[in-house]
Colleague: 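Below are the structure tokens for one structure; questions will follow.
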Amino acid sequence: MQEVKWKPLVVQDAYMLEFVRFPDRRGHLEELYNETRYPPGVSQHWAQVTCSTSYRNVLRGIHCSIYGKLVTCVAGRIYDVVVDLRETSPTYLRWSAVILSDQNCRQIYIPPNCGHGFYALEERNTVVYCQGGVYQPATERDLLWSDPFVNVFWPLQVAIPPILSDKDLSAPCLDGNKVQVSPHRERYLIVGASGQVGGALMEALHNRANHIVAIGTYNSFPREGMLPFSLEEAGRSEEVCRNLLTMVRPSVIIICGAFTWTDGCERDPEKAQLVNCTAVVHLAQCAKAINSKVVFYSTDYVFPGSEFPAEDGALVGGYSESSPCKPLQTYGLTKYQAEQELLTIHPQALVLRTSTVFGPEEQGKNFVYQIVSNMTSRKDMSVTNVKCTPTYNRDLAAMTLKLIDNGCSGIYHVVGDESMTKMEFATRAARFLKIDTSHLRATDNVNVGSGCKRPKDAILSSEKRKKELSGFKCKTVEEAMADWMEHNTGKPLLHQQ
């Protein structure tokens with residue numbers, strides 16, 4: 001038989017699992033548990049198996065046991081929730097939800113000392129629990145289903161209170177003096193949190209942890225505490241997005257992830273379309289259904305640059321948000337299409353065009369990392385003389401959150417305050433680091449090292465952003481480098497091998 005599929009949830013050590021169903025003309029066969037096919041954290045000796053039946057609108061929980069539980073819905077459909085009540089856990093007070101039904105072959109694993117509850121969605125719902133221990137009332141702990149510090153979302157019927165037991169109705173809430181977080185915290189979902197923009201956002205949101213729960217996803221670069229999520233898969237199936245938003249139920253979704261390799265977009269335009277456009281559309285549709293704000297990062301590549309001047313003479317002071325777009329390559333085209341479709345579906349969405357982002361990141365791929373790597377290894381590096389607006393990722397994150405706080409929507413250009421050639425940017429960054437620049441080679445070829453057309457001097461005017469955030473000043477290249485060196489949370493910039 002096939003292995004069980006499993007995905008981590010936003011609560012550490014909790015999993016959503018999918019078992020295999022084998023149908024034939026007689027009915028179907030399925031294994032609800034097989035220790036040889038389940039992940040190590042789930043495989044264990046089950047001391048008790050319990051079966052419960054609940055009618056529509058019944059809410060059971062939140063119950064916390066000292067042992068783990070494997071939960072399966074064998075009839076009906078339930079909204080199942082796990083809550084992290086372990087004070088030493090990095091995901092303490094986080095919750096996650098999964099729809100379990102007799103059709104979707106899903107299970108949820110509840111780790112020891114985590115809370116569990118569910119809401120019954122059909123007329124009759126039967127749930128089977130495999131328990132890692134025997135039920136002992138003296139060791140059980142209960143939490144009120146509507147505790148404001150955990151703030152679980154429940155898909156309740158309008159104006160109809162859920163049906164609860166007397167025990168669950170009288171369950172206690174957490175002590176606000178002990179948990180030291182605000183009640184009713186918002187949840188922000190950062191799609192692509194393992195990249196340089198997503199990483200800066202997660203860092204900034206960590207400083208707001210008293211008011212906001214930040215949950216990140218990654219694709220190919222795993223990070224502890226983050227959810228695996230593929231934008232390519234999301235582009236192929238809206239259900240992938242719906243499952244993610246059910247797990248997290250965010251009030252704000254910030255889409256940082258993208259297929260940014262311009263040459264790769266030319267070679268694989270189908271992937272570029274799926275990742276950069278269709279996945280964004282699917283996320284927007286699912287977000288609108290649950291009234292979530294969507295923030296999407298776009299690019300200066302939606303413009304053609306100085307070789308193809310805009311009709312409104314935008315290049316005098318840079319392209320404005322209303323300047324006509326004319327992408328020269330697949331990357332810019334897919335981003336532009338995503339902008340248009342997103343704002344059509346979700347008019348309250350926020351589209352942020354940015355450019356030449358740099359700063360600390362775990363993967364160490366951005367332009368400044370490339371400069372340091374090449375100069376310290378004495379490799380010649382060709383750098384274009386095209387103009388750019390270097391944008392420090394921590395400034396970008398700060399501006400993003402301020403625009404969200406202000407309730408902004410529509411398109412904003414969010415870039416640094418300085419405009420310079422890319423060669424000047426490289427030289428200033430290297431000199432700040434006291435690195436020899438003799439191997440930098442200036443070129444007027446805008447497409448150096450690339451097989452696709454790139455915009456020349458596609459400077460973004462950020463006057464609209466400056467008016468909205470009148471008190472915010474972006475760091476100069478040198479100020480940004482100094483901040484980077486003082487607070488380097490990513491891959492070390494110097495002493496690279």
Colleague: In terms of side-chain heavy atoms, does S355 have a donor or acceptor partner in Y301 at a distance below 3.5 Å?
Modeller: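 Per modelled atom types, S355 and Y301 side chains form no pair under 3.5 Å.
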Colleague: So which of K335, E339, H413 actually passes side chain to side chain donor-acceptor pair (under 3.5 Å) with S298?
Modeller: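 Result for side chain to side chain donor-acceptor pair (under 3.5 Å) with S298: E339.
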Colleague: If you measure only the distance, is there a donor-acceptor pair under 3.5 Å linking the side chains of H116 and D80?
Modeller: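 Short answer, yes.
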Colleague: Hey, could you give me the CG/CZ distance between L231 and F229, rounded to the nearest 0.5 Å?
Modeller: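 Output value for this atom pair is 5.5 Å.
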Colleague: Under the 3.5 angstrom rule, does the side chain of N104 hit a backbone N or O of I99 as a donor-acceptor pair?
Modeller: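 Checked: pair present.
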Colleague: Looking only at side-chain N and O atoms, does Q12 offer a donor or acceptor that is under 3.5 Å from a partner on T91?
Modeller: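 No - no donor-acceptor pair under 3.5 Å links their side chains.
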Colleague: In sequence, state the C-alpha distance, the side-chain angles, and the governing distance for C114 and V11, and then conclude on side chain to side chain contact (heavy atoms under 4.5 Å, CB included).
Modeller: CA-CA 9 Å; C114 286; V11 170; 4.2 Å; yes
Colleague: On a heavy-atom basis, which atom in T217 and which in G192 lie closest, and how many Å separate them?
Modeller: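 So the minimum-distance heavy-atom pair works out to OG1-N, 3.0 Å.
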Colleague: To the nearest 0.5 angstrom, please state how far the CG atom of N406 sits from the OH atom of Y412.
Modeller: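 One gets 8.0 Å once the value is rounded to the nearest 0.5 Å.
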Colleague: For atom CG of D380, is the number of surrounding heavy atoms from other residues, nucleotides or ligands below 6.0 Å larger than 12?
Modeller: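 Enclosed.
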Colleague: Please confirm whether the backbone N or O of Y331 pairs with a side-chain atom of T334, one donor and one acceptor, at under 3.5 Å?
Modeller: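 Side chain of T334 to backbone of Y331, a donor-acceptor pair under 3.5 Å: yes, one is there.
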Colleague: Tell me whether E321 at atom CD has more than 12 heavy atoms from other residues, nucleotides or ligands lying less than 6.0 Å away.
Modeller: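 Counting neighbours around CD of E321, more than 12 heavy atoms of other residues, nucleotides or ligands fall under 6.0 Å, so yes.
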Colleague: List the steps and the verdict of side-chain hydrogen bond (donor to acceptor under 3.5 Å, both in side chains) for E266 and T330.
Modeller: CA-CA 6 Å; E266 297 301 317; T330 301; 3.1 Å; yes
Colleague: Test Y297 against T400 for side-chain hydrogen bond (donor to acceptor under 3.5 Å, both in side chains), laying out the working first.
Modeller: CA-CA 10 Å; Y297 287 104; T400 298; 2.6 Å; yes
Colleague: Going by atom types alone, do H211 and S182 pair a side-chain donor with an acceptor below 3.5 Å?
Modeller: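 On atom types as modelled, these side chains qualify, holding a pair under 3.5 Å.
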Colleague: Does E479 reach the main-chain N or O of T476 with its side chain, forming a donor-acceptor pair under 3.5 Å?
Modeller: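 Yes: the side chain of E479 pairs with the backbone of T476.
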Colleague: Salt bridge or not between R208 and D405? Use side-chain N to carboxylate O under 4.0 Å.
Modeller: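 Between D405 and R208 there is a salt bridge, with a charged N closer than 4.0 Å to a carboxylate O.
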Colleague: Hey, are R378 and H439 close enough side-chain-wise for a donor-acceptor pair under 3.5 Å?
Modeller: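 Absent: no donor and acceptor within the cut-off.
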Colleague: Regarding R454 and D300, does a basic nitrogen lie under 4.0 Å from an acidic carboxylate oxygen?
Modeller: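 Looking at R454 and D300, the cut-off is not met.
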Colleague: Thinking salt bridges, do E239 and R242 make one under a 4.0 Å N-O criterion?
Modeller: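 Looking at E239 and R242, the cut-off is met.
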Colleague: Take E463 and S320 through the test side-chain hydrogen bond (donor to acceptor under 3.5 Å, both in side chains) and record every step on the way to the result.
Modeller: CA-CA 8 Å; E463 290 306 309; S320 73; over 6 Å; no
Colleague: I'd like to know if the side chain of Y369 reaches the main chain of E361, judged simply by a donor and an acceptor atom lying under 3.5 Å from each other, with no hydrogens or angles considered.
Modeller: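 Indeed, once roles are kept as given, a pair shorter than 3.5 Å links the two residues.
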Colleague: Would you say NZ of K293 has more than 12 non-hydrogen atoms from neighbouring residues, nucleotides or ligands within 6.0 angstrom?
Modeller: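 More than 12 within 6.0 Å, yes.
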Colleague: Between L227 and L244, does the side chain to side chain contact (heavy atoms under 4.5 Å, CB included) criterion hold? Intermediate values first, please.
Modeller: CA-CA 9 Å; L227 290 170; L244 176 66; 3.8 Å; yes
Colleague: Can you check ring pair (Phe, Tyr, Trp, His ring centres under 6.0 Å) on W145 and Y79, steps first, answer last?
Modeller: CA-CA 13 Å; W145 65 280; Y79 177 85; over 10 Å; no
Colleague: Return yes if a side-chain donor-acceptor contact under 3.5 Å exists between T437 and R431, otherwise no.
Modeller: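 T437 vs R431: no donor-acceptor pair found between side chains.
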Colleague: Would you say I215 and Y188 make side-chain contact, with heavy atoms under 4.5 Å?
Modeller: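 Not in contact.
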Colleague: Flag this pair as yes if the NZ/CZ of K271 is under 6.0 angstrom from the six-membered ring centre of F259 and inside a 45 degree cone about the axis; otherwise no.
Modeller: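 Flagged: K271 positioned over aromatic ring of F259.
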Colleague: Counting distance only, does the side-chain N/O of R185 pair as donor-acceptor with the main-chain N or O of A209 below 3.5 Å?
Modeller: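 Such a contact is found between R185 side chain and A209 backbone.
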Colleague: Looking at every heavy atom in both G359 and Q196, which two are closest together, and how far apart are they?
Modeller: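 That would be N-OE1, 3.9 Å.
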Colleague: Ignoring hydrogens and geometry, is there a side-chain-to-backbone donor-acceptor pair from S377 to N374 under 3.5 Å?
Modeller: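 Here the side-chain-to-backbone pair exists.
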Colleague: How long is the gap from CG on N393 to CH2 on W484, to the nearest 0.5 Å?
Modeller: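 Answer rounded to 0.5 Å: 7.5 Å.
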Colleague: Quiz question: by atom type and distance under 3.5 Å, do the side chains of S194 and E362 form a donor-acceptor pair?
Modeller: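 Short answer, no.
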Colleague: Between CZ of F296 and SG of C256, what distance do you get to the nearest 0.5 Å?
Modeller: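 Between F296 CZ and C256 SG, I get 10.5 Å after rounding to 0.5 Å.
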Colleague: Counting only heavy atoms not in K466, do more than 12 fall under 6.0 Å of its NZ?
Modeller: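 Yes, because the 6.0 Å sphere around NZ of K466 holds more than 12 heavy atoms from other groups.
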Colleague: Will you find, in the side chains of T262 and Q329, an N or O donor that is under 3.5 Å from an N or O acceptor?
Modeller: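 T262 vs Q329: no donor-acceptor pair found between side chains.
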Colleague: Tell me whether K7 at atom NZ has more than 12 heavy atoms from other residues, nucleotides or ligands lying less than 6.0 Å away.
Modeller: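 No, because the 6.0 Å sphere around NZ of K7 holds 12 heavy atoms or fewer from other groups.
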Colleague: Salt bridge or not for D483 and R394, using N-O below 4.0 Å?
Modeller: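 Salt bridge: yes.
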Colleague: Using only atom types and a distance under 3.5 Å, with no angle test, would you say the side chain of T391 pairs donor to acceptor with the backbone of G416?
Modeller: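 Checked: pair present.
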Colleague: Stepwise, does the salt bridge (charged side-chain N to carboxylate O under 4.0 Å, His left out) test hold for K422 with D457?
Modeller: CA-CA 10 Å; K422 207 160 187 182; D457 300 342; over 6 Å; no
Colleague: Could you tell me whether a side-chain N or O of R249 sits under 3.5 Å from a main-chain N or O of V152, the two making a donor and an acceptor?
Modeller: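 Checking the backbone N and O of V152 against the side chain of R249, no donor-acceptor pair under 3.5 Å is found.
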Colleague: Could you go step by step and tell me if V477 and M420 meet the side chain to side chain contact (heavy atoms under 4.5 Å, CB included) rule?
Modeller: CA-CA 10 Å; V477 170; M420 65 194 73; 3.8 Å; yes
Colleague: Under a 3.5 Å threshold, yes or no: a donor from one side chain and an acceptor from the other, between S251 and E186?
Modeller: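 Per modelled atom types, S251 and E186 side chains form a pair under 3.5 Å.
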Colleague: For the pair R94 (side chain) and V213 (backbone), establish whether a donor and an acceptor sit closer than 3.5 Å, ignoring hydrogens and angles.
Modeller: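 Checking the backbone N and O of V213 against the side chain of R94, no donor-acceptor pair under 3.5 Å is found.
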Colleague: As an exercise, state the distance from CD1 of I371 to CG of L433, rounded to the nearest 0.5 Å.
Modeller: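 Here the rounded value is 9.0 Å.
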Colleague: Between OG1 of T278 and CD of E232, what distance do you get to the nearest 0.5 Å?
Modeller: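 Taking OG1 in T278 and CD in E232, the distance rounds to 10.5 Å.
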Colleague: Hey, can you tell me if Y392 and F358 have their rings parallel, tilted or perpendicular (30° and 60° cut-offs)?
Modeller: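 Tilted: the ring planes of Y392 and F358 meet at 30° to 60°.
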Colleague: Test ring pair (Phe, Tyr, Trp, His ring centres under 6.0 Å) on Y119 and W154; report intermediate values, then the result.
Modeller: CA-CA 7 Å; Y119 179 67; W154 298 99; 7.1 Å; no
Colleague: Hey, is R428 close enough to E424 for a salt bridge, meaning N to O under 4.0 Å?
Modeller: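 Salt bridge between R428 and E424, a charged N being under 4.0 Å from a carboxylate O: yes.
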Colleague: Using a 3.5 Å distance criterion without hydrogens, assess whether the side chain of K288 forms a donor-acceptor pair with backbone atoms of I345.
Modeller: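 The answer is yes, because a donor-acceptor pair under 3.5 Å joins these two groups.
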